[in-house]
Amino acid sequence: MKEELTRLIQQALDSLVAQGQLPDDIAPQVQIERTRDASHGDLACNIALTLARPTRKNPRELATMICDALPGASLVTRTEIAGPGFINFFLSERSNQAVVRTILEQRDTFGSCNEGRGRKVQVEFVSANPTGPLHVGHGRGAAVGDSLCRLLTATGWDVASEFYYNDAGAQIDNLAQSVRARCKGLGPEDSAWPQDGYRGDYIVELAQAYLRGDKVDAQDQHVLGSGDPDNLEDIRKFAVAYLRREQDLDLQAFAVHFDLYFLESSLYRDGEVEATVQRLVAQGYTYEKDGALWLRTTDFGDDKDRVMRKSDGGYTYFLPDVAYHLNKWRRGFERVINEQGADHHSTVTRVRAGLQALEQGIPKGWPDYVLHQMVTVTRDGQEVKLSKRAGSYVTLRDLVDEVGRDATRYFLAARAPSSQLTFDIDLALSQSNDNPVYYIQYAHARVCSIMRKLVEQGWEWHAKAALQHLDQLVEEQEKALLRRLDHYPEVVASAAINSEPHTVAAYLRELAGDFHAWYNAHKTLVEDQHLRDARLALSEAVRQVIANGLALLGVSAPEAM
RNA sequence: GGGGGUAUAGCUCAGCUGGAUAGAGCACCGGCCUUCUAAGCCGACGGUCGCAGGUUCGAAUCCUGCUACUCCCGCCA
């Protein structure tokens with residue numbers, strides 16, 4: 001529809017230029033936008049305002065000229081010049097009602113598109129170290145990242161979700177040493193306790209499981225605890241598998257699935273870390289200083305150079321990160337989105353710099369990052385501190401157990417990633433109408449309830465027949481709903497392009513609001529069959545779009561509440 | 001000191017990439033259940049869009065400079 005109008009306006013401008021009424025050196029950018037207010041019509045164009053300056057004409061006068069030159073179109077019932085010079089288009093009711101037919105035909109694909117054209121995109125998210133259970137911050141990453149995957153799939157991308165975990169490096173050594181200390185009955189208060197050791201209770205449980213010789217079955221590894229408190233390597237393997245399994249359970253509770261778990265250790269095993277170092281050295285972007293090997297990331301916009309190989313011979317996290325992203329590039333992902341906590345934002349420049357230094361033809365701004373700000377958790381009005389090492393902890397699983405999966409996911413995905421998020425456990429727990437997810441789900445359940453009532457009354461409803469009577473939908477609340485429904489595909493497309501799942505949540509809140517208002521103002525199950533059919537079709541369309549939208553957020557759409 | 005992010009109603013947040021009178025939800029106040037689920041609806045109240053400049057037909061939105069809060073600035077991840 002927008003394209004159609006853009007074409008009409010373009011034609012009008014062309015004819016005005018041809019008649020010499022407008023100079024031919026203007027390069028108009030015709031923009032059609034959806035109006036915010038129904039009294040401004042359905043669509044509006046600001047062309048007269050943007051052309052006012054180059055043509056040195058009064059915008060309203062210009063708008064009149066354009067309207068007069070506009071070819072007729074059956075879908076437009078009238079045009080109007082308003083405000084400073086907007087051209088408002090009022091579409092026929094018929095064209096507005098058509099969205100119901102589209103929705104009932106397309107069902108769960110309504111809102112989908114082929115923008116991605118099957119191109120490969122990878123979304124990496126959560127990527128928590130296997131050094132403890134997932135906390136709320138990881139939950140935000142999981143909610144946002146998973147929703148992004150769903151949005152990209154819906155818009156035609158070939159999506160791969162991935163979890164990268166650092167099963168190598170200093171943090172894991174620290175973990176193994178912490179477990180060994182617990183095996184020997186030591187605690188943080190003992191002098192032999194490792195510096196910065198992990199103090200959480202889960203380390204104690206882990207040590208006990210290891211000593212008992214438990215078997216651990218995680219997603220991608222199976223380990224038997226040897227029970228030897230001196231074998232650090234055994235402890236390390238066991239601890240990683242144990243916590244990997246814990247995280248599996250956390251994610252399972254959250255209904256988040258990954259196509260691939262990528263192990264940092266595999267980069268070492270397959271020589272990719274070493275190959276990356278050699279490549280960087282060969283490109284001449286490295287130097288030795290203080291016994292360490294540095295990369296001149298300042299050549300690529302970093303504020304200081306970074307160490308890649310420490311003086312003790314080990315690598316910093318930065319180097320495997322570069323090797324990992326080279327690996328991603330070679331797997332053919334033309335688009336990669338890394339969803340991480342904003343505390344990692346300093347890696348963005350570094351990883352991109354490392355990739356540029358490799359000179360492999362990787363685009364400068366590759367990969368994309370979505371950084372979410374910190375999550376704080378409050379209970380009884382008090383902030384609950386989250387610290388793995390201190391041990392006081394709100395885990396994702398605890399939260400899901402308490403609050404429920406739907407509410408947790410909705411809360412964590414419903415805010416712009418760039419804003420800080422306070423997760424108020426009491427509020428989320430309250431089960432009251434404070435909770436916006438219930439408001440949306442309730443709208444869905446209400447439609448289902450109407451459908452059940454329909455059967456109880458001995459009536460029937462057939463979509464095909466009902467679609468013949470959409471012209472019955474003339475009430476103000478019905479028009480508002482039709483406009484809102486029509487908007488949905490744009491919301492999905494824009495949320496996917498801009499990596500902003502929270503806009504879907506906001507849209508659903510509005511759609512549910514429109515629906516509840518209509519529901520209260522007009523009865524659906526009326527005696528008049530044509531009117532009833534039309535309203536049932538509209539109800540069903542609303543139900544479908546709510547179900548589609550909630551699915552994009554990973555939230556369920558209950559049939560009864 | 002350098003960099004990222006944020007600042008919009010009493011509180012929590014939207015604001016469709018520069019449009020028309022800045023919107024929701026909570027909270028508070030007043031109404032609506034013999035009619036499809038009141039987890040709902042209707043109404044009222046509530047704003048110098050952090051401050052100061054600038055860009056233009058037009059700014060919460062873009063630019064510059066401040067201020068406050070927050071995160072990062074390691075040979076940790």
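Below, chains carry the letters A, B, ... as their sequence lines are ordered, and counting in each starts from 1. Remember, it's a predicted structure, so these values are computed and weren't measured experimentally.
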Problem - Verify stack between A:Tyr439 ring and B:rA39 base, 5.5 Å, 30 degrees - result: no
Exercise for the section: Measure the distance from CG on A:Leu485 to P on B:rC16 and round it to the nearest whole Å. Expected result: 21 Å
Problem - Candidate nucleotides B:rC36, B:rG19, B:rC42, ranked by approach to the side chain of A:Thr524 - the nearest - result: B:rC36
Practice task
Measure across A:Ala413 and A:Leu553 and return the closest heavy-atom pair with its distance rounded to 0.1 Å.
Solution key: CB-CD2, 4.4 Å
Exercise for the section: Take atom CD1 of A:Ile87 and atom P of B:rA20, then tell me their distance rounded to the nearest Å. Expected result: 17 Å
Problem - Main-chain N/O of A:Gly83 paired to A:Arg60 side chain as donor or acceptor, under 3.5 Å - result: yes
Exercise for the section: Sort out the partner of B:rC11 for me: Watson-Crick or G-U wobble, both distances under 3.5 Å, none otherwise. Expected result: B:rG25
Exercise for the section: Give a yes/no answer on whether the side chain of A:Arg36 brings an N or O atom under 4.0 Å of OP1 or OP2 in B:rA20. Expected result: yes
Practice task
Tell me whether the OP1 or OP2 atom of B:rC73 has a side-chain N or O from A:Arg350 closer than 4.0 Å.
Solution key: no
Problem - Whole-Å distance separating the NE2 atom of A:His344 from the P atom of B:rU70 - result: 20 Å
Practice task
May I ask you to decide if A:Leu134's main-chain N or O and A:Asp250's side chain share a donor-acceptor pair within less than 3.5 Å?
Solution key: yes
Practice task
Scan every strand shown for a Watson-Crick or G-U wobble partner of B:rC69, both distances under 3.5 Å, and answer none if you come up empty.
Solution key: B:rG5
Exercise for the section: Write down the distance separating the P atoms in B:rG1 and B:rA44, rounded off to the nearest Å. Expected result: 49 Å
Exercise for the section: Please confirm whether any donor atom in the side chain of A:Gln373 sits under 3.5 Å from an acceptor in the base of B:rC71, or the reverse. Expected result: no
Problem - Rounded distance in Å between the C1' positions of B:rC11 and B:rC66 - result: 28 Å
Fill in the blank from the handout: A:Ile497 atom CD1 is separated from B:rC16 atom C1', nearest whole Å, by 12 Å
Practice task
Could you give the distance separating B:rC26 and B:rC62 at their C1' atoms, to the nearest angstrom?
Solution key: 33 Å
Practice task
Side chain of A:His345 only, please: which of B:rC76, B:rC72, B:rC75 is the nearest?
Solution key: B:rC72
Exercise for the section: Provide the distance between the two P atoms, one in B:rU70 and one in B:rC33, to the nearest whole Å. Expected result: 50 Å
Problem - Pairing nucleotide - B:rG47, Watson-Crick or G-U, each distance under 3.5 Å - result: none
Completion exercise
A:Arg415 CZ to B:rU70 P, in whole Å, measures 20 Å
Problem - Under-3.5 Å donor-acceptor pair between A:Asn46 side chain and B:rG19 base - result: yes
Practice task
Return the nearest nucleotide to the side chain of A:Trp294; candidates are B:rC41, B:rC75, B:rG19.
Solution key: B:rC75
Practice task
Using a 4.0 Å heavy-atom cut-off across all strands, classify A:Asp290 as base, sugar-phosphate, or nothing.
Solution key: base
Handout entry: Assigned glycosidic conformation for B:rC51 [threshold 90° from 0]
Key = anti
Exercise for the section: With the side chain of A:His516 defined as its heavy atoms from C-beta on, choose the nearest nucleotide among B:rC41, B:rG4, B:rG19. Expected result: B:rC41
Practice task
Compare side-chain N and O positions of A:His502 against OP1 and OP2 of B:rG15 and report whether any pair is under 4.0 Å apart.
Solution key: yes
Exercise for the section: Give a yes/no on whether any side-chain N or O of A:Ser418 is located under 4.0 angstrom from OP1 or OP2 of B:rU6. Expected result: yes
Problem - Check: B:rA20 base within 3.5 Å donor-acceptor of A:Asn88 side chain - result: yes
Exercise for the section: Kindly say whether A:Phe318 contributes a backbone atom to a donor-acceptor pair with the side chain of A:Thr347 at under 3.5 angstrom? Expected result: no
Practice task
For B:rC71 and B:rG19, measure between their C1' atoms and round to the nearest Å.
Solution key: 35 Å
Handout entry: Heavy-atom closest pair, residues A:Asp167 and A:Ile172
Key = C-CG1, 3.7 Å
Handout entry: Any A:Thr349 side-chain nitrogen or oxygen under 4.0 Å from OP1 or OP2 of B:rG4
Key = no
Practice task
Check the distance between B:rA14's P and A:Glu510's CD and give it to me in whole angstrom.
Solution key: 13 Å
Exercise for the section: Decide, yes or no, whether a salt bridge links A:Arg484 with A:Glu510 under the criterion of side-chain N to carboxylate O below 4.0 Å. Expected result: yes
Handout entry: B:rG53 - base-pair partner by Watson-Crick or wobble geometry, distances under 3.5 Å
Key = B:rC63
Practice task
Would you mind checking if A:Arg296 and A:Asp299 are paired as a salt bridge, meaning a charged N to carboxylate O distance below 4.0 Å?
Solution key: yes
Exercise for the section: Please determine, for the side chain of A:Ser449, which listed nucleotide (B:rA14, B:rC36, B:rC13) has the closest atom? Expected result: B:rC36
Exercise for the section: Please determine, for B:rG40, whether a Watson-Crick or G-U wobble partner exists with both distances under 3.5 Å, and give it or none. Expected result: B:rC32
Exercise for the section: Classify the glycosidic conformation of B:rU70 as syn or anti, calling it syn when the angle lies within 90° of 0. Expected result: anti
Completion exercise
From the candidates B:rG19, B:rC76, B:rC41, the one with an atom nearest any side-chain atom of A:Ala517 is B:rC41
Practice task
Could you tell me whether A:Glu288 and A:Arg309 make a salt bridge, using a distance below 4.0 angstrom between a side-chain N and a carboxylate O?
Solution key: yes
Exercise for the section: Please measure how far the P atom in B:rG25 lies from the corresponding atom in B:rG43, and state the result in whole Å. Expected result: 10 Å
Problem - Shortest side-chain distance from A:Lys304, nucleotide among B:rG15, B:rA77, B:rC73 - result: B:rC73
Handout entry: Nearest-angstrom distance from the residue atom OH of A:Tyr369 to P of B:rC71
Key = 22 Å
Problem - A:Tyr519 side chain near B:rC42 phosphate (N/O to OP1/OP2, under 4.0 Å) - result: no
Problem - Nearest-Å distance once atom C1' is located in both B:rA77 and B:rC16 - result: 37 Å
Problem - From B:rC36, B:rA24, B:rG40, nucleotide with atom closest to A:Ile450 side chain - result: B:rC36
Practice task
Round to the nearest Å and state the distance from A:Arg543 atom CZ to B:rC36 atom C1'.
Solution key: 16 Å
Handout entry: Expected output: side-chain A:Asn174 to main-chain A:Ala170 donor-acceptor under 3.5 Å
Key = no
Completion exercise
Side-chain atoms of A:Tyr438 come closest, of B:rA39, B:rC41, B:rA77, to B:rA39
Exercise for the section: Could you work out which one of B:rA39, B:rU12, B:rC75 sits closest to the side chain of A:Met561? Expected result: B:rA39
Problem - B:rA27 and B:rC13, which share atom name C1', separated by this distance in whole Å - result: 15 Å
Practice task
Could you pick out which residue, A:Cys45 or A:Asn498, lies toward the 5' side of RNA chain B when each is mapped onto its nearest nucleotide?
Solution key: A:Asn498
